[in-house]
Amino acid sequence: MSNNSPADSAERPGTEDPLTQALLWENQKERLSDAGEAEPSLMVDVDGFEGPLDLLLALARSQKVDLAKISILALAEQYLSFIQEARRMRLELAADYLVMAAWLAYLKSRLLLPDIKDDEDELTGEELAAALAFRLRRLEAMRDAAARLMARPRLGQEVFARGDPEHVVTIRHSTYAANLYDLLTAYASQRQRNSVTSVQVKKRAVWSLQEAKDLLVRMLGKVSDWTPIDDFLVQYFATPDQKATVMASSFTASLEMVREGLLELRQSNHFEPLYVRTPEATNNEPIE
Amino acid sequence: MTDAVSEKLHLRMLEAMLFASDKPLQEADISARLPETANLRHLLVQLSELYEGRGVALKKLADGWAFRTAEDLAFLLQAEAEEQRRLSRAALETLAIIAYHQPATRAEIEQIRGVSTSKGTLDVLLETGWIRLRGRRRTPGRPVTYGTTPDFLEHFNLEAIGDLPGLDELKGAGLLDSALPPGSPMPMPNDDPDLGDEEDPLEDDLFAPDVVLEDDE
Amino acid sequence: MTDAVSEKLHLRMLEAMLFASDKPLQEADISARLPETANLRHLLVQLSELYEGRGVALKKLADGWAFRTAEDLAFLLQAEAEEQRRLSRAALETLAIIAYHQPATRAEIEQIRGVSTSKGTLDVLLETGWIRLRGRRRTPGRPVTYGTTPDFLEHFNLEAIGDLPGLDELKGAGLLDSALPPGSPMPMPNDDPDLGDEEDPLEDDLFAPDVVLEDDE
């Protein structure tokens with residue numbers, strides 16, 4: 001039935017080697033052209049083809065003429081008889097091969113029948129044939145281009161780069177971006193944040209009125225002469241905030257004691273020192 | 001320094017930089033590392049001449065310059081040859097189509113090959129680093145466009161995409177025109193990293209490298 | 001082939017081999033890949049001479065022969081990359097405190113910020129060149145004092161450290177929005193290079209941990 005040995009055809013699909021494929025391709029082409037139309041059964045093996053266009057191209061090359069001058073009509077007939085043969089043998093063909101067959105049958109009819117110009121937009125048979133010829137030429141051109149690319153002296157195959165490159169050592173310098181606004185914002189916000197978190201209410205040392213009065217009673221018991229009140233209090237003026245509370249409390253206490261007749265106060269003028277003594281009447285004990 | 005002395009120094013600097021690198025260096029990058037007074041074009045010509053006929057040659061590759069072993073010495077260096085994955089015929093054709101027709105969509109590749117492209121074919125090519133996803137075509141469905149990379153040029157020893165073998169003939173024959181039938185405008189393959197009018201960038205999230213945020217703490 | 005022609009070919013082969021190899025080549029390995037007639041010793045001398053005074057030199061290293069960049073051009077292989085980095089918030093605050101409260105010790109900075117300062121923060125600031133170690137505070141433990149540098153003034157466009165705006169001005173600029181408690185101290189920053197009364201110079205041995213006891217002769 002087929003001239004292809006089973007081993008030959010089995011080898012074809014799995015092959016990845018482009019060179020081997022190219023050789024197979026050449027073999028196939030030769031077989032196609034040698035056999036001609038006398039033995040169409042030869043061409044039924046479609047395993048080695050990459051779709052209907054590829055098959056058409058192989059058939060076209062079997063015409064041994066320039067693709068530009070190829071007879072599309074003959075090509076269409078060749079393809080159709082190929083498909084017919086395949087069907088006769090009940091071979092399974094992929095759908096796209098059949099679609100192409102249908103299209104070629106249509107093309108054939110358009111080429112054989114005189115052109116009926118019923119639709120301006122419709123392409124004539126010749127135009128359709130030219131389009132197909134173009135596609136075949138273009139596919140072949142791309143195939144040739146691939147071969148020419150692979151035939152170039154390639155890096156790592158035929159030409160070589162420096163095997164031991166001396167790599168550039170990158171020394172990184174960082175430059176930092178920050179402007180005055182960033183700086184001030186950072187300062188202001190952290191000052192503010194911190195002022196909120198660190199406010200502590202200090203426990204203030206406060207003399208109560210009673211404490212001041214007790215102190216005055218103890219100290220003034222033996223004062224018969226006018227004496228500046230500060231002289232008694234100075235020993236408690238250790239810190240400024242204590243001074244304030246001592247003065248305030250003892251002044252208030254002294255006023256209270258005057259009202260009670262326990263004490264006399266004298267001040268010559270505003271902001272002058274305040275003098276204090278025990279009243280004569282109650283000054284029962286001589287101090288001297 | 002006299003002109004002759006400084007020129008000699010510049011030539012040595014150029015030689016050292018190109019020799020040290022295994023990748024082509026762009027002229028702008030070389031200039032940045034040479035003194036301002038250096039005339040790079042002139043130096044490159046001089047250096048090329050210096051290496052003419054030697055075992056190593058200065059080549060203009062992938063829009064840059066690089067030293068490569070002389071092509072005729074390939075036989076000598078087969079010990080260094082890298083094991084290369086063999087590409088299937090489908091992959092080779094697809095690569096050629098992308099190279100000559102870029103930017104090209106999958107549909108365009110399939111239209112030229114007349115057969116659907118298996119996912120594996122594009123994957124294999126992407127893995128070689130020779131092709132890349134460029135962007136999206138501004139047409140319905142916004143298909144991804146493919147193009148070649150600088151590594152492609154470097155691997156195939158090409159100065160620029162315009163130096164693809166047989167490009168002028170293909171153009172002249174109208175075979176790079178994807179429209180049927182052969183029409184007037186003859187497109188040129190374009191591997192410009194900048195997207196063309198008909199391309200949109202890929203989505204940001206699709207293949208964007210992670211954005212690295214710097215932090216010094 | 002005349003001797004001269006074959007010698008030239010051998011020289012090219014040697015050059016290409018050494019160039020393409022990913023490691024230095026031993027003489028035995030080179031010989032094995034050269035034609036038998038080649039005189040390797042002679043070729044190595046010739047190749048060395050060819051590269052004399054050039055940007056690349058042929059070197060005999062411990063494990064064989066290899067091309068290396070001329071030593072005086074090593075600087076070309078060092079790229080200086082500048083990267084812009086933003087200061088972290090912690091670093092900015094620390095910098096601001098040092099600027100306003102200098103001379104300031106780490107403990108003082110921490111007291112003002114209310115959080116501990118990582119070593120990294122001060123390191124980053126030292127790297128900016130905006131702060132410096134000034135001296136040591138004359139207090140127990142003799143902690144290092146930090147202050148700003150002239151670079152700081154220059155970067156932030158200040159004529160003198162006293163030009164930093166005060167609290168009232170910060171408030172006026174809307175940077176401080178709520179009132180600070182009355183009596184919040186506004187420091188008088190001092191970046192005088194001469195050390196103040198409360199500072200000792202840094203020891204020569206910068207990080208000598210020993211506390212130096214003052215002698216009161």
Side-chain angles (χ1 to χ4, degrees), chain A residues 14-22 24-25 48-57 68 94 96-97 100 123 127-128 130-168 174 176, chain B residues 16-17 19-24 56-57 59 61 66-71 73-74 77-78 80-82 84-97 99-101 111-116 151 154-158 164-167 169-170 173-178 180-182 216:
Chain A
T15 313
E16 288 235 312
D17 175 355
L19 194 66
T20 316
Q21 274 185 341
L24 279 174
W25 175 254
F49 295 104
E50 296 245 354
L53 209 56
D54 188 22
L55 173 56
L56 266 175
L57 191 56
D96 45 353
Y97 288 90
M100 178 61 89
L123 295 173
E127 283 167 335
L128 289 172
L132 178 61
F134 171 78
R135 287 190 69 185
L136 289 173
R137 269 166 49 222
R138 189 174 59 178
L139 177 60
E140 188 180 51
M142 284 300 108
R143 198 162 280 170
D144 290 348
R148 288 170 81 169
L149 262 185
M150 297 315 277
R152 287 190 63 79
R154 290 158 62 194
L155 182 66
Q157 301 297 312
E158 286 82 25
V159 296
F160 296 86
R162 178 83 184 274
D164 187 14
E166 295 169 70
H167 289 293
V168 169
S174 297
Y176 289 88
Chain B
M17 275 191 270
F19 215 93
S21 173
D22 58 347
K23 303 290 289 178
V56 173
K59 299 262 209 163
L61 284 178
F67 278 115
R68 291 288 181 261
T69 56
E71 287 171 26
L73 296 177
L77 301 164
Q78 288 318 298
E80 317 280 345
E82 299 155 23
Q84 289 263 335
R85 182 165 181 177
R86 298 282 187 181
L87 291 177
S88 68
R89 204 174 82 192
L92 282 175
E93 282 180 20
T94 304
L95 175 64
I97 292 167
Y100 286 78
H101 291 262
Q111 207 240 332
I112 293 173
R113 295 192 61 231
V115 67
S116 64
D151 275 1
E154 199 193 339
H155 183 86
F156 291 101
N157 223 353
L158 294 166
L164 281 170
L167 185 61
E169 304 148 47
L170 291 174
L175 291 171
L176 295 185
D177 188 358
S178 49
L180 289 175
D216 48 34

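As a basis for the values below, the full set of heavy atoms in this structure was taken, side chains included, without hydrogen atoms, waters or symmetry mates. All chains are named by letter (A, B, ...) in the order of the sequence lines, taking the proteins before the strands, and each is independently numbered beginning at 1.
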Return the option, out of [options], with the maximum number of heavy-atom pairs under 4.5 Å with chain B.
options	answer
L155(A), L56(A), L139(A), L53(A)	L155(A)
P52(A), G51(A), P153(A)	P153(A)
D96(A), L149(A), D164(A)	L149(A)

Most heavy-atom pairs under 4.5 angstrom with chain A, which of [options]?
options	value
S21(B), G114(B), S116(B)	G114(B)
A57(B), G166(B), P24(B)	G166(B)
T94(B), L158(B), N157(B)	N157(B)
R68(B), E71(B), E154(B)	R68(B)

Quiz item: Measuring heavy-atom distances to chain A, does L164(B) have an atom under 4.5 Å in its side chain, in its backbone, in both, or in neither?
Solution: side chain
Exercise. Let me know if F67(B) has heavy atoms under 4.5 Å from chain A in its side chain, its backbone, both or neither.
Key: backbone
What's the separation between atom [atom1] in [X] and atom [atom2] in [Y], rounded to the nearest 0.5 Å?
X	Y	atom1	atom2	answer
R135(A)	I112(B)	CZ	CD1	9.0 Å
L55(A)	E50(A)	CG	CD	12.0 Å
L170(B)	L175(B)	CG	CG	6.0 Å

Exercise. Write down the atom of Y100(B), the atom of M142(A), and the distance for their closest heavy-atom approach.
Key: CB-CE, 3.8 Å
Exercise. Evaluate side chain to side chain contact (heavy atoms under 4.5 Å, CB included) for E93(B) paired with V115(B), printing each intermediate quantity in order.
Key: CA-CA 11 Å; E93(B) 282 180 20; V115(B) 67; over 6 Å; no
Self-check item: Full working for side chain to side chain contact (heavy atoms under 4.5 Å, CB included) between R143(A) and L57(A)
Solution: CA-CA 11 Å; R143(A) 198 162 280 170; L57(A) 191 56; 3.4 Å; yes
Exercise. Measure distances from R152(A) to the heavy atoms of chain B and classify the residue's part below 4.5 Å as side chain, backbone, both or neither.
Key: side chain
Exercise. State plainly whether the residues D144(A) and R137(A) are in salt-bridge range, i.e. N to O under 4.0 Å.
Key: no
